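Worksheet for the structure shown next.
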There are 2 protein chains.
Amino acid sequence: MEQRDKEAIKRIVGEEHFTDELIDLVSYSYDGSDHNHRPEAAAYPADSEQISRIMRLANERRFPVIPRGAGTSMTGSVVPAKGGLVLDMVRMNRILNIRVPDRQVVVQPGVVYAALQKALAPSGFCFPPDPASGKVCTLGGNVATNAGGIRGAKYGVTRDYVLALEVVLPDGRIVHTGSKCMKSSSGLDLTRIFVGSEGVLGIITEITLKINPKPTAFRTAMASFETLRQAGQAVTDIMHSGILPSVLEIMEENTIRVLREKSGADLPEVAALLLVETDGYTEGEAEYAVEKVVAAFQDNDAKTVSRAGSQEEAEKLWAIRRAVGSAAGSLRPNNLSEDVTVPISKVPQLLEGIQEIMTGQGYPFVIFGHAGDGNLHPKIMFDGSDPKQAREVHLLIDKVFQLTCDLGGTLSGEHGIGLAKAPYMHLEHDAVAMELMRLLKNTLDPHNLLNPGKMALDQ
Amino acid sequence: MEQRDKEAIKRIVGEEHFTDELIDLVSYSYDGSDHNHRPEAAAYPADSEQISRIMRLANERRFPVIPRGAGTSMTGSVVPAKGGLVLDMVRMNRILNIRVPDRQVVVQPGVVYAALQKALAPSGFCFPPDPASGKVCTLGGNVATNAGGIRGAKYGVTRDYVLALEVVLPDGRIVHTGSKCMKSSSGLDLTRIFVGSEGVLGIITEITLKINPKPTAFRTAMASFETLRQAGQAVTDIMHSGILPSVLEIMEENTIRVLREKSGADLPEVAALLLVETDGYTEGEAEYAVEKVVAAFQDNDAKTVSRAGSQEEAEKLWAIRRAVGSAAGSLRPNNLSEDVTVPISKVPQLLEGIQEIMTGQGYPFVIFGHAGDGNLHPKIMFDGSDPKQAREVHLLIDKVFQLTCDLGGTLSGEHGIGLAKAPYMHLEHDAVAMELMRLLKNTLDPHNLLNPGKMALDQ
């Protein structure tokens with residue numbers, strides 16, 4: 001970018017909504033991954049019209065543009081890998097319309113996830129996906145990464161709730177996709193081309209989301225197992241039992257040990273814990289489902305089974321689960337947190353395989369995740385200031401990706417690909433699928449201006 | 001197509017799996033709409049490899065190819081508008097894999113919808129979408145039209161259940177899209193480019209679907225209202241009541257009259273009927289929800305409220321709903337059945353508007369549909385052998401589409417666009433959206449070989 005480009009951007013967004021101060025650019029060079037690259041400038045657009053003008057300028061002058069929400073990406077997907085202009089969507093943070101009788105909300109992309117839930121609460125409705133970063137992440141980011149969360153087993157992911165979008169295309173045209181109806185079979189599905197596209201095909205400027213009445217009854221149960229196989233069979237039995245748990249979390253022995261040692265959790269020495277929530281609109285429905293779950297625990301010789309008798313007891317069990325990230329993270333200065341996913345029945349094999357890859361390599365690790373939809377988060381701790389450690393850890397992660405794909409899995413259940421997993425795309429996707437993704441990118445963004453370097457699309 | 005093209009196709013699929021007999025070609029010139037055009041030949045491929053070879057040949061020789069399931073389309077989407085070769089997927093009718101612990105099934109596109117449900121029944125699982133043509137329609141067609149059904153309000157549509165696809169591209173390459181995991185955020189969403197694409201971008205040859213444990217408890221209630229406004233407010237109140245009915249059907253006064261006169265149904269003379277099903281995994285859950293529904297009926301001064309006390313009584317109420325199509329259809333030799341959809345709260349306005357358009361025009365009509373997701377099916381009866389009647393009826397339908405789009409609606413909730421609604425695409429989609437759809441089509445199918453003439457893509 002040249003100075004005259006920066007001046008032109010200032011004229012579009014206003015001087016006070018532009019920065020090329022070093023301190024800002026350093027902030028915009030990072031996300032939640034270990035990737036970083038500095039942009040040349042950042043702007044805070046007010047609306048899709050300004051973004052359209054910026055994209056026309058970017059086309060003329062050929063500089064990269066990187067849309068950014070809260071920067072909570074775990075994959076480098078908002079790192080400006082080739083410099084250029086960051087568009088921070090913080091000013092586009094209005095909830096435009098809550099229409100409960102139509103079961104939908106219309107929001108700008110910079111709305112924080114938790115702000116939407118708070119605004120919906122009085123109506124008894126919610127947006128069901130529940131990313132762990134919900135307190136800070138933005139809905140634009142949720143849509144761009146097809147964010148998930150622990151309730152995916154029953155409620156699906158962001159993709160299942162996006163009805164319509166307004167998007168600024170790489171050439172600056174503004175398109176309205178989808179329909180503000182509960183369902184539509186009208187024309188090609190342009191909406192889902194952009195859901196999960198990590199900002200490489202367009203900049204999302206308005207989002208219409210489907211909302212659900214929030215369940216009002218919940219039950220929580222936990223069980224420990226002496227073997228992974230028993231825990232795996234319990235998961236299978238739960239899936240067969242004719243109910244859908246709203247949460248079905250698994251933690252393996254390293255996770256349990258770290259929780260015991262670092263968080264003082266009162267947990268047995270076992271191979272695996274399962275932590276389950278069931279829900280419904282009546283206490284009876286949630287109770288019926290949790291009884292099925294407990295039966296599956298007992299049928300598989302759980303060492304311990306505990307049921308939360310109250311909201312407080314449930315909260316204690318969930319606090320254990322929430323402590324995993326920080327307890328494990330405290331073991332070393334750096335960590336890599338992955339997001340591999342396999343068919344549900346393959347979860348025990350993936351757990352055992354990751355343990356085999358990681359054990360005895362000198363790096364502490366934990367594995368936990370959403371067994372109900374096959375999504376595991378292995379987390380490996382190391383000292384990133386030692387290049388040898390960083391290299392070795394990445395070699396271990398390579399093996400985890402290979403194993404995941406060998407088991408018919410996917411590189412990402414909910415974090416996306418970004419920079420971190422771009423080198424592994426060929427492990428999961430066949431050559432034609434990669435050609436097709438690149439063709440889409442080239443067709444929509446022939447000058448590779450939007451968020452370049454991501455998803456292995458410009459290789 | 002020349003004779004040598006036909007010979008080449010015979011060499012690919014085997015002589016016995018090819019036809020250009022007039023009687024067959026006439027059959028393949030129709031679907032459930034009033035459009036027709038004869039193909040030049042039809043073939044019955046055995047697998048994706050044969051389809052790939054056929055597409056390579058089609059590319060070399062430039063003849064159209066039209067994939068076809070059971071031909072139940074209501075929009076002309078399987079009518080060979082520009083001749084060419086029909087690919088009847090009847091031989092690709094195997095259920096390849098039922099994996100309940102993974103919550104998925106893998107099927108070929110020619111599997112009949114009902115055959116899948118039958119195969120799933122012993123496990124207590126189901127594929128939740130429920131198209132009215134389920135006894136005969138194929139899953140390939142369900143995916144290609146993003147089929148819905150009466151349970152869409154709670155369970156969504158086909159799109160929400162497609163995990164992965166195998167697709168033969170227009171140039172003959174075979175691509176595997178998506179992931180056989182419950183969720184994935186890995187790369188651009190190629191799967192949903194093909195869901196609802198009506199065979200214009202690729203030929204679906206294998207489908208991986210998410211399945212759900214089937215609810216086991218149901219309640220049915222019906223209410224009649226003296227004004228559409230009361231019925232509409234009851235729908236709004238139900239949507240606000242914190243539950244999701246599994247079915248929420250509406251029928252207006254013409255429908256009620258036809259049912260009374262033609263099916264002998266014991267129904268009051270009212271402006272609207274609402275017919276609701278609630279479900280759950282416990283009787284208590286279904287009961288709780290139906291009580292909310294009945295309260296909404298009463299709050300809005302329903303003239304009559306009936307609750308099915310038994311399975312038999314529920315069946316009687318649903319038999320009324322199912323009789324609508326044939327009772328109305330018997331009034332005239334031909335009918336046009338539409339599929340317009342609006343935001344849920346606009347249902348009364350759309351109903352009133354359609355009544356206004358149709359009343360006094362000399363053609364009997366009924367309006368019914370899925371109020372729970374805003375999807376109405378106006379059906380207008382006429383004598384198609386009289387060109388004047390056909391013309392007049394189409395002019396009335398024009399107005400219905402205009403009204404629907406004015407109310408922020410969509411041309412199709414579940415039938416698709418095909419030939420029938422192609423001329424109206426511009427009413428719903430902005431110019432850039434149409435350009436983008438055409439760009440996708442041109443990029444993937446530059447010679448316009450696959451199912452040409454549909455969705456206004458080649459205009």
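Naming: A, B, ... by sequence-line order, numbering from 1 per chain. Small disclaimer: the values here were computed from a predicted structure and weren't measured.
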Name the region of [X], side chain, backbone, both or neither, that has any atom closer than 4.5 Å to a heavy atom of chain B.
| X | answer |
| --- | --- |
| A:L169 | side chain |
| A:E435 | side chain |
| A:M455 | side chain |
| A:I238 | neither |
| A:L440 | side chain |
| A:A286 | neither |
| A:H176 | both |
| A:L244 | both |
| A:D160 | both |
| A:T177 | neither |
| A:V347 | neither |

Looking at [X] and [Y], does any basic side-chain N land under 4.0 Å from a carboxylate oxygen?
| X | Y | answer |
| --- | --- | --- |
| A:D279 | A:R151 | no |
| B:R219 | B:E291 | no |
| A:D189 | B:R192 | no |

A:K210 NZ: over 12 foreign heavy atoms closer than 6.0 Å
yes
For chain B, which of A:S184, A:S179, A:G124 has the most heavy-atom pairs under 4.5 Å?
A:S184
Below 4.5 Å, heavy atoms only, C-beta onward: do A:E414 and A:V157 meet side chain to side chain?
no
Ignoring hydrogens and angles, tell me if any N or O in the side chain of B:N375 forms a donor-acceptor pair with the backbone of B:H370 under 3.5 Å.
no
Is a side-chain donor-acceptor pair under 3.5 Å present for A:E198 with A:S77?
no
Over 60° means perpendicular and under 30° means parallel, so classify the ring planes of A:Y424 and A:F401, tilted if in between.
tilted
May I ask you to name which of B:V195, B:D237, B:L411, B:I243 has the most heavy-atom pairs under 4.5 Å with chain A?
B:I243
Please rank B:V167, B:V342, B:T282, B:N212 by heavy-atom pairs under 4.5 Å with chain A and give me the top one.
B:T282
